[in-house]
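Below is one structure, written out as structure tokens; comments come after it.
Note: hydrogens, waters and symmetry copies are ignored here, and every other heavy atom, side chains too, is used. The chain is numbered in sequence order, starting from 1. For ligands, and for the atoms within them, numbers begin at 1 and follow the listed sequence.
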Amino acid sequence: MSTLGYLGLATVATGCVAWTMTAVAKRYDAHFSAPANDVSGSDGGAAAARLPHGVSMTSIALRQGLPEIPVRMRALPLDSRGYPIPYFVARIDGKPDFRVADTEKFATCIYYKRCWICGTQLGQYKAFVIGPTSAVSRTSGEPPCHVECAKFAAQVCPFIVNPRASRRDSGMPVNKQAPAGTMFEHNPGVALVWVTRDSMAVSVRNGVIFRMGEPEQTFWYREGRLANRDEVRAALETGLPALYDLAHDEGEAAVLELDTAVARATRYFPPYSTGAAIAMPN
Ligand SMILES: [Zn+2]
């Protein structure tokens with residue numbers, strides 16, 4: 001049977017990318033509290049207008065202790081509060097809603113190979129922001145990004161920065177395009193940037209997921225920093241019971257196949273010294 005058959009259903013749109021920008025926006029808010037006469041609702045707006053000429057939003061973000069905003073993301077428009085608006089963000093009644101992915105953008109990213117976050121052309125490398133169990137299933141619910149854009153997302157996603165956060169509590173809407181598969185309620189606390197040259201959009205039931213090829217690099221993050229091997233192992237172990245439940249439903253062959261997939265995923269764990277795991281040729 002195809003691994004994708006049941007593991008594809010376990011693919012979770014972690015929402016990290018969407019939440020990334022929400023988190024960034026909140027930090028901008030602290031810096032750009034809107035004046036009483038601020039007229040919101042149009043892109044740009046008073047907050048953007050107050051930016052002194054020649055001072056980029058990046059320098060402000062850096063003062064907030066955020067990782068440096070990747071060059072490609074600096075061209076993103078700002079909303080009325082000074083928020084950079086990621087490419088995928090939908091506009092509801094003309095206003096960007098950071099929690100909702102635009103279905104047309106989703107399709108554009110697939111067909112024109114654009115970055116999910118910055119919207120510019122992808123190169124040969126595709127980076128997925130995923131949770132540990134996606135390293136087993138090798139599927140993602142969100143389109144790929146540039147490596148730099150993905151790393152930025154993985155470092156500031158509140159589900160990683162604050163492991164106590166939970167999707168359910170947060171009211172995070174599910175990506176409208178994500179397949180209605182099994183949702184994990186646990187928060188692994190660890191995000192992975194999976195860098196590959198080989199990925200493919202695949203239709204499953206009522207949605208689209210992305211099948212990820214062999215990684216050339218993997219970067220594991222926890223609480224905004226690189227995760228160590230023990231943290232990654234612990235995070236994956238919290239997600240495995242749900243995967244094995246699905247495999248058991250499929251039968252013994254699926255369980256054996258999952259065993260193999262788990263072992264394969266551990267090859268990309270960080271080494272004992274914290275750092276990027278560089279994939280070795282087979
Ligand atoms: Zn990008």
Practice prompt. Show your reasoning for whether side-chain hydrogen bond (donor to acceptor under 3.5 Å, both in side chains) applies to Tyr244 and Asp249.
Written response: CA-CA 8 Å; Tyr244 273 100; Asp249 291 344; over 6 Å; no
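Phe269 places a side-chain heavy atom less than 4.5 Å from the side chain of Trp220.
Contacts of Asp97 classified as side chain to side chain donor-acceptor pair (under 3.5 Å), with partners at least two apart in sequence or in another chain: Arg99.
In this structure, the ring of Trp194 has its center no less than 6.0 angstrom from the ring center of Phe128.
With Glu214 as the partner, the salt bridge (charged side-chain N to carboxylate O under 4.0 Å, His left out) test is satisfied by one option alone out of Arg267, Arg264, Lys126: Arg267.
Taking NZ of Lys113 as the start and CG of Leu122 as the end, the distance is 9.0 Å to the nearest 0.5 Å.
Within the sub-2.8 Å shell of the Zn ion (ligand 1), the protein contributes these N/O/S atoms: Cys115 SG, Cys118 SG, His146 ND1, Cys149 SG.
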